[in-house]
Amino acid sequence: MEVNRVTPINKVVKRNKNALLKSILIFTIIASFTVLLMGGYWIFKEQAPRPLEVTNEKGEVILTKETIMGGQAVFQKYGLMDYGTVLGHGSYMGPDYTAEALTVYTEGMQDFRAEEKYGKPFDEITGEEQTVIRDLVKTEMRENRYDPDSDTMVITDAQVYGYEKVGEFYRKVFTEGDGWGLKAELIKEEHMPAEERAYVASGDQIQQISDFFFWTAWLSSTERMNDDITYTNNWPYYEDAGNEMSFSAIWWSGASVTVLILFVGIILFVFYRYHLGMEEAYKDGNFPRIDLSKLPVTSSQLKSGKYFLIVTVLFFVQAMFGALLAHYYVEPDSFFGIKWIHDILPFNIAKGYHLQLAIFWIATAWLGMGIFVAPLVGGHEPKKQGLLVDILFWALVVLVGGSMIGQWLGANGYLGNKWFLLGHQGWEYLELGRLWQGVLAAGMLIWLFIVYRGIKSGLKRENDKGGLIHLLFYSAIAVPFFYLFAFLMNPDTSFTFADYWRWWIIHLWVEGIFEVFAVVVIGFLLVQMKLVTKSSTVKALYFQLILLLGSGVIGIGHHYYYNGSSEIWLGLGAVFSALEVIPLTLLILEAYDQYKMMRDGGVDFPYKATFWFLISVAIWNLVGAGVLGFLINLPAVSFLEHGQFLTPAHGHGAMMGVYGMFAIAVLLYSLRNIVKPEKWNDKWLKFSCIMLNVGLAGMVFASLLPVGFLQMKEAYVNGYAASRSADFLKQDIIQSLLTLRSVPDTIFLVGVVALVLFSIKAMFNLRKVTHKEIEPLPVRDLSTDEDE
């Protein structure tokens, strides 16, 4: 009788614990997004002004808000964020235009004051005289002369001279090329009537983009109103402009490490004290045996196979563009002497393709997995589900093909004022035009509808609105919902505020929401295969989501340190991005549990390949996303490193190592169930997994990381602009390290090819449909609270 009393009590305790975790998760989400949105409002209010008019001391108009906005649009129209950076954000082949313009602007002012005071250019006066001029210019340029009441600004004669030097410099660059990877005469003159201008003003586009670059140099060297720090928190590092590391950057770097150590202890205590990990569902080595030949296959599941084939093909094309980009760092204007390749696919266009294709193939793999899983959750195939799957597939084909053509036409200036709608939208990671963005959003909504139809009956059966099936559905809803924030950016949106929303897509959508989706999907699949108990999995998922969202949402702030946002992000971003390491580390424990399951499954375990890639995900989550991310997220490091090669070292480790490897894992899980068991060959996949991991590790640790360290040292010694110059990249040691990358790149590509060939073969060996529409499927019912 006592046993009968204990069992219900244990159930009540479990339910109360889950209810508590659910409440904490809801509070975490509300609190985190409240802070993030309030911070966004602060960014909006405190953004650097774009004066209606900027005049000289005589009252003559020098530049206007219209030309600044037009210059930003020119920068976006020609895809220059996929070549260089502004305020440290963009790509790393070209210079940081903010730092470059700041150098030209400062040197112009120094020459003006030296001629005025000593009758000679700055380089020809004595050291003592140079010190006098440096201090004079530094004081002059840091004074904020903006008048908020009239929304105008007066700049000194020396500043006007510096502004003119910036214009002369960029007219030469965009007319003759930059002597590195930028094509001559890239920007075309377009004299359009006012009603047809769209976001680019008619007239001299080179002057407009120069005005925009000058404006970013001005805000990076001018102190905020009633403050002693610039709009970019004293970035980029350049002593002649008075830009040196702030006290906040140093303090919050130390504070973030201290808080990390404290929370590691607290969270590990809670994790082990309350047993918040997943528990194995099998005992004493009685590992559940899975007969793949008896698993159900529906029409929509079979049709998901073509999604996975397209995934591997897009992966191959994306990797080839990556190899081309790596080659351009060694031979910037051709491909092994073949000029026409560079003429058709210059760095900025190839980089845009490389990033967008990564998002396309990774997202498509996850969409395909959602389609495959839906009937397993709902217990049957809804009517016309296969037709919807086909419609979505062709919509994705149109999206990929149309957006790539549009990007090429837009970045080459062939779309006129339709560039933003149909062409290259101009934001890194959001290159595709607004029309194609709409197609992508519509496609995700169709996918959500497909998933909902499939799992609807499971949702109805599950009484707990926070149960496993509901968690899966909530995470699926978040995928299209968070992409909608991409529509809040327009070319006339201030660069700083647009960058705030841009990181909602890159960090929250790509790195955050997809990670939430990934964690829930892994838990679901483990329960579906009867490897872990449902109750422990739901509990573990709540705990992991609390940590992921509690740290990751506000942790987005590390992208706002030096882009013109307020100083408060130095504290928020530093502390919370440091805490992001903890959930990523805990996933290593989950990976070890997955390894044990695979080992216990023995030679007959059919999902070995999936688990190899899941283990890869956990390792790269710690190393690529966690360790390398933590390294560059410290404000003191970011001050020197912001927009350098340590960033793509982290980016490759996180994007490919985590999201790419996970996409392959879910792809292989789905294919394993729809391919004839006797035609499956794990040897190909083991080879692919090894080659992909070895190649990725070689890229990161043998090339990108060493170049990043040398680049950061260059910034410390000679200023940030020097570290981003072509002269730095041309050094023998840098060229040797970049050339060395061809070895791991080749290894990686071999792994990709093996995966493509495997997928092609799989398409010729698919199983037949075993269950028709509406027919019940013999699958585990996950809507109950009981663990079988």
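Both backbone and side-chain heavy atoms feed into the values below; hydrogens, waters and symmetry mates do not. Residues: numbered from 1 along the sequence shown.
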Q. How about Phe347 and Ser91: do any of their side-chain heavy atoms sit closer than 4.5 Å?
A. yes
Q: Kindly compute the distance separating OG (Ser403) from CG (Leu422), expressed to the nearest 0.5 Å.
A: 11.5 Å
Q: Return yes when atom CZ of Phe485 has more than 12 non-hydrogen atoms of other residues, nucleotides or ligands closer than 6.0 Å, and no otherwise.
A: yes
Q) Can you name the residues that form a side chain to side chain donor-acceptor pair (under 3.5 Å) with His424, not counting sequence neighbours? A) Asp82
Q) What about the rings of Tyr500 and Tyr560, do their centers lie closer together than 6.0 Å? A) yes
**Q.** Working for side-chain contact (heavy atoms from CB on, under 4.5 Å), residues Val756 and Ile760
**A.** CA-CA 6 Å; Val756 173; Ile760 293 173; 3.9 Å; yes
Q: Provide the closest heavy-atom pair for Ile349 versus Ile344 in the form atom of the first, atom of the second, distance.
A: CD1-O, 4.3 Å
Q: Could you tell me which residues satisfy side chain to side chain donor-acceptor pair (under 3.5 Å) with Gln47, sequence neighbours excluded, listed by chain and number?
A: Ser494
Q) Which value, rounded to the nearest 0.5 Å, describes the distance between Tyr307 atom OH and Thr364 atom OG1? A) 8.5 Å
**Q.** Contacts of Ala649 that satisfy side chain to side chain contact (heavy atoms under 4.5 Å, CB included) - sequence neighbours left out
**A.** Val700, Leu704, Leu705
Q.
Any donor-acceptor pair under 3.5 Å linking the side-chain atoms of Glu331 with those of Ser334?
A. yes
Q | Whether over 12 other heavy atoms sit under 6.0 Å from Met38 CE | A | no
**Q.** Any residue meeting ring-ring contact (aromatic ring centres under 6.0 Å, His included) with Phe758, in chain and number order, not counting sequence neighbours
**A.** Trp680
(Q) Has Ser32 got a side-chain atom pairing as donor or acceptor with Ile29's backbone, closer than 3.5 angstrom? (A) no
Q | Which atom of Pro480 lies closest to which atom of Leu445, heavy atoms considered | A | CB-CD2, 4.0 Å
Q: Please round to the nearest 0.5 Å and tell me the distance separating atom CZ of Phe212 and atom CD of Gln207.
A: 14.5 Å
Q. So do the side chains of Val520 and Tyr474 get within less than 4.5 Å of each other, counting heavy atoms only?
A. no
Q: Side-chain contact test, heavy atoms from C-beta onward, threshold under 4.5 Å: evaluate it for Leu692 versus Ile664 and give yes or no.
A: yes
Q: Flag the pair Tyr414 / Trp419 as yes when at least one side-chain heavy-atom distance between them is below 4.5 Å, and no otherwise.
A: no
Q. So, the side chain of Thr493 versus the backbone of Met489: is there a donor-acceptor pair under 3.5 Å, distance only?
A. no
Q. How about Asn563 and Thr496: does a side-chain donor come under 3.5 Å of a side-chain acceptor?
A. no
Q. Rounded to the nearest 0.5 Å, how far does CD of Gln76 lie from CG of Leu430?
A. 10.5 Å
Q) Any side-chain heavy atom of Met369 sitting closer than 4.5 Å to one from Leu667? A) no
Q | Side-chain H-bond candidate by donor/acceptor type, Glu100 with Tyr170, under 3.5 Å | A | yes
Q: Identify the two heavy atoms, one from Ile554 and one from Trp569, that lie closest to each other, and give their separation to 0.1 Å.
A: O-CZ3, 4.2 Å
Q | Counterpart residues, salt bridge (Lys or Arg N to Asp or Glu O under 4.0 Å), relative to Lys456 (two or more places apart) | A | none
**Q.** Donor on one side chain, acceptor on other, Gln385 and Ser300, under 3.5 Å
**A.** no
Q: Please name all residues satisfying side chain to side chain contact (heavy atoms under 4.5 Å, CB included) with Ser577, sequence neighbours left out, ordered by chain then number.
A: His558, Tyr561, Glu580, Asn633
**Q.** Set of residues satisfying side chain to side chain contact (heavy atoms under 4.5 Å, CB included) with respect to Leu399, sequence neighbours excluded
**A.** Phe360, Leu396, Leu432, Trp436, Val439, Leu440
Q. Got a second to check how far Tyr659's OH is from Ile362's CD1, nearest 0.5 Å?
A. 9.5 Å
Q: Apply ring-ring contact (aromatic ring centres under 6.0 Å, His included) to Tyr83 and list each qualifying residue two or more places apart in sequence or on a separate chain.
A: none
Q) With a cut-off of under 6.0 Å to the ring centre and 45° to the axis, is Lys351 in cation-pi contact with Tyr92? A) yes
Q: Over all heavy atoms of both residues, which pair between His642 and Gly88 is shortest? Give the atoms and the distance, please.
A: NE2-CA, 3.5 Å
Q.
Quick one about Gln208 and Asp204 (side-chain donor to acceptor, distance below 3.5 Å, no hydrogens or angles considered), yes or no?
A. no
Q. Just wondering, do Leu409 and Lys418 contact through their side chains at under 4.5 Å, heavy atoms?
A. no
Q. Ring centres of Phe495 and Trp427 under 6.0 Å apart?
A. yes
Q) For the residue pair Tyr329 and Phe645, does the interplanar ring angle fall in the parallel (under 30°), tilted (30 to 60°) or perpendicular (over 60°) class? A) perpendicular
Q) Phe372 vs Tyr669 aromatic rings, parallel, tilted or perpendicular, using cut-offs 30° and 60°? A) perpendicular
Q: Apply salt bridge (Lys or Arg N to Asp or Glu O under 4.0 Å) to Arg502 and list each qualifying residue two or more places apart in sequence or on a separate chain.
A: Glu428, Asp499
Q. Side chains of Gln407 and Glu431: donor-acceptor distance under 3.5 Å anywhere?
A. no
Q.
Taking ring-ring contact (aromatic ring centres under 6.0 Å, His included) as the definition, give me every residue that meets it alongside His559, ordered by chain and number, with sequence neighbours left out.
A. Trp503, His507
Q.
A side-chain contact here means heavy atoms from C-beta on lying under 4.5 Å apart; do Trp447 and Val479 qualify?
A. yes
(Q) Would you say that Leu80 contacts Leu182 through its side chain, given a criterion of any heavy-atom pair below 4.5 Å between the two side chains? (A) yes
Q: Give a yes or no on whether Tyr41 atom OH has more than 12 heavy-atom contacts from other residues, nucleotides or ligands under 6.0 Å away.
A: no
Q. Minimum heavy-atom separation for Phe316 to Val752, with atom names?
A. CA-CG1, 3.6 Å
(Q) Does anything in residues 338-348 form a side-chain hydrogen bond (donor to acceptor under 3.5 Å, both in side chains)? List the pairs, not counting sequence neighbours. (A) Asp333-Lys339
(Q) Rounded at 0.5 Å granularity, tell me how far CG in Leu755 sits from OG in Ser688. (A) 4.5 Å
Q | Partner residues of Phe487 under the side chain to side chain contact (heavy atoms under 4.5 Å, CB included) criterion, sequence neighbours left out | A | Arg434, Gln437, Ala441, Tyr483, Leu484
(Q) I need the minimum non-hydrogen distance between Leu87 and Thr98, along with the two atoms involved. (A) N-OG1, 2.8 Å
